[in-house]
Number of protein chains: 2
Amino acid sequence: MEQRRADNIAEALEERIFNGTYPNGERLDEVRLAEQFGVSRTPLREAFQRLALSGLVELIPRRGAFVRQPGPIELMEMFEVMSELEAICGRLAARRITEEALAELRDANSKCKAAVAANDTDRYYTENERFHRVIYRQSGNGFLEQEAAKLHKRLKPFRRQQLRFRGRMGQSMAEHEAIVAALSAGDSDRAGQVLRDHVAVQGEKFHHLMASLKSAAE
Amino acid sequence: MEQRRADNIAEALEERIFNGTYPNGERLDEVRLAEQFGVSRTPLREAFQRLALSGLVELIPRRGAFVRQPGPIELMEMFEVMSELEAICGRLAARRITEEALAELRDANSKCKAAVAANDTDRYYTENERFHRVIYRQSGNGFLEQEAAKLHKRLKPFRRQQLRFRGRMGQSMAEHEAIVAALSAGDSDRAGQVLRDHVAVQGEKFHHLMASLKSAAE
DNA sequence: CTGTATAGTTTTGTATACAAAAAAGTTGAC
DNA sequence: GTCAACTTTTTTGTATACAAAACTATACAG
């Protein structure tokens, strides 16, 4: 992309929005953040634009930048699209996947299992992401790969929540193995179906989590 | 989004890139364009950022902004993704579509036909776009609707080319009717299938066009 | 004649200054 | 005491000025 400073600032702000430092609807003060980062307003405004295009902040003309956390409905919608994108990747990958990539999928899976055993969640996420990225790549469609990766990244902080469900990690691992099986068999439809369900269930779990949090708050 | 000026400039530049005023790889000169639009470099740089995020220009650090027309391979990839997105919209819409929306689809179709008869291509595109937008909307998934509309817009200038094929307009209209039939029957899978093919064939036609242009040039 | 180093020019990235619009605060009328 | 109009303050949008990096061209060595 472009220069280094605005990029770093955008990343830093993104991180803060993801981890909840800034609550939803918070206005991002240009001058305050500018002196916080030790730069002028110009690079900050460029960073805002990037965040706006990836949907993390809303830029209201002559008002400023406001953080925009997606609500439960939008999140469900995003999970639905994600599951369909993964299904497409899977369908395409089943026909084109290389032996090398299949080996990498198995490797990522075994490392995932090790991470589950060691209760190392960070390690789990890293390998899980590698698993999915390989499938995006093996779709053989670079544009699709990019779009899938973009949405994957955007949903990352929410996907994390849903893994707290008891037994979900184990179930997820079983699904991963079914995915590898379908891909190595070259079964296009089944690979798509299994991947769709694998991601869709994440959305559902997330939905349950939201509902239980809401009812607990009442 | 944000202010008015950068937005207008982004739109104007987008238009110029679409209609081929700027060839691929052309560097967009900040100062030259700034005086051309009668503004300073600041709004122009903001416009560049927007164009970069929608993929029309590439921003190389300390080098500048370069227009980036997608090559034939990338275009085919984009058409492939578009056809899948439309298929998803169709599958979802078949279950949820309202009578009102079905009526609008039929209306758009008949106006399309009239435009074909009158050889009014602009009118044809307008109504065609309305047709597809209704389906995106009726998917009931706002996020999906946005993403589909975004990609639709990006492919617009290329879709136009492909309609020059003799008989393509008539065939396209027949496909539209098949889509409406599947949707009004509530046949989810068939709606998805028909929509996928309808868009995929556009990609293929485009591919043929590119190939014939290339061979003609040799 | 070719390749490299260096001086000069152009162009981008950033800071600051200024103008216009929105928000906040104040005064006054009812 | 409440509401409205006006003034003040804050904040955004834009222009300009300056610094740093990249490109160009020229001179010089081999």
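Atom set for the values below is all heavy atoms of this structure, side chains included, hydrogens, waters and symmetry mates excluded. Numbers restart at 1 for each chain; the letters A, B, ... are given by sequence-line order, proteins then strands.
Between A:E35 atom CD and C:dT14 atom C1' there is a gap of 17 Å when expressed in whole angstrom units. The CZ-C1' distance, from A:R5 to C:dA15, rounds to 10 Å in whole Å. Atom CZ in A:F37 sits roughly 17 Å away from atom C1' in C:dA15 (whole-Å rounding). What separates CD of B:E30 from C1' of C:dT10 is a distance of 12 Å, to the nearest Å. Taking atom CG of residue A:D29 and atom C1' of nucleotide D:dT10, one finds them 10 Å apart after rounding to whole Å. Separating the CD1 atom of A:I9 from the P atom of C:dG13 is a distance of 14 Å, rounded to the nearest angstrom. Across the protein-nucleic acid pair, A:R45 atom CZ and C:dT16 atom P stand 16 Å apart, rounded to whole Å. Atoms CG (B:L33) and P (D:dA15) sit 14 Å apart, rounded to a whole Å.
Salt bridge status for A:R50 with A:E14: absent, with no side-chain N to carboxylate O gap under 4.0 Å. For the pair A:K156 and A:E129, the salt-bridge criterion is met [side-chain N within less than 4.0 Å of a carboxylate O]. Using a 4.0 Å cut-off between charged nitrogen and carboxylate oxygen, A:R5 and A:D7 do not count as a salt-bridge pair. Remark: A:E74 engages A:R68 in a salt bridge, criterion side-chain N to carboxylate O under 4.0 Å.
Listed nucleotides: D:dT14, D:dA15, C:dA15. Nearest to the side chain of B:V39: D:dA15. Comparing C:dA15, C:dA17, D:dA17 against the side chain of A:S40 picks out C:dA15 as the nearest. Of the candidate nucleotides C:dT12, D:dT11, D:dA15, C:dT12 has the atom lying nearest to any side-chain atom of B:R27.
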Base versus backbone protein contacts along nucleotides 19-25 of chain C [heavy-atom cut-off under 4.0 Å; B, S, -]: --SSS--
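At the phosphate of D:dT12, neither OP1 nor OP2 sits under 4.0 Å from any side-chain N or O atom of A:R41. Between D:dT14 and B:T42, no contact under 4.0 Å exists linking OP1 or OP2 to a side-chain N or O.
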Acceptor/donor pairs from residues 199-207 of chain A side chains to any protein atom, 3.5 angstrom cut, sequence neighbours excluded:
residue	atom	partner	partner atom	Å
A:Q202	OE1	A:R159	NH1	3.4

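For A:R154 (side chain) and A:M78 (main-chain N/O), no donor-acceptor pair under 3.5 Å exists by modelled atom type.
Remark: B:N141 CG to B:E147 CD distance equals 10.0 Å, nearest 0.5 Å.
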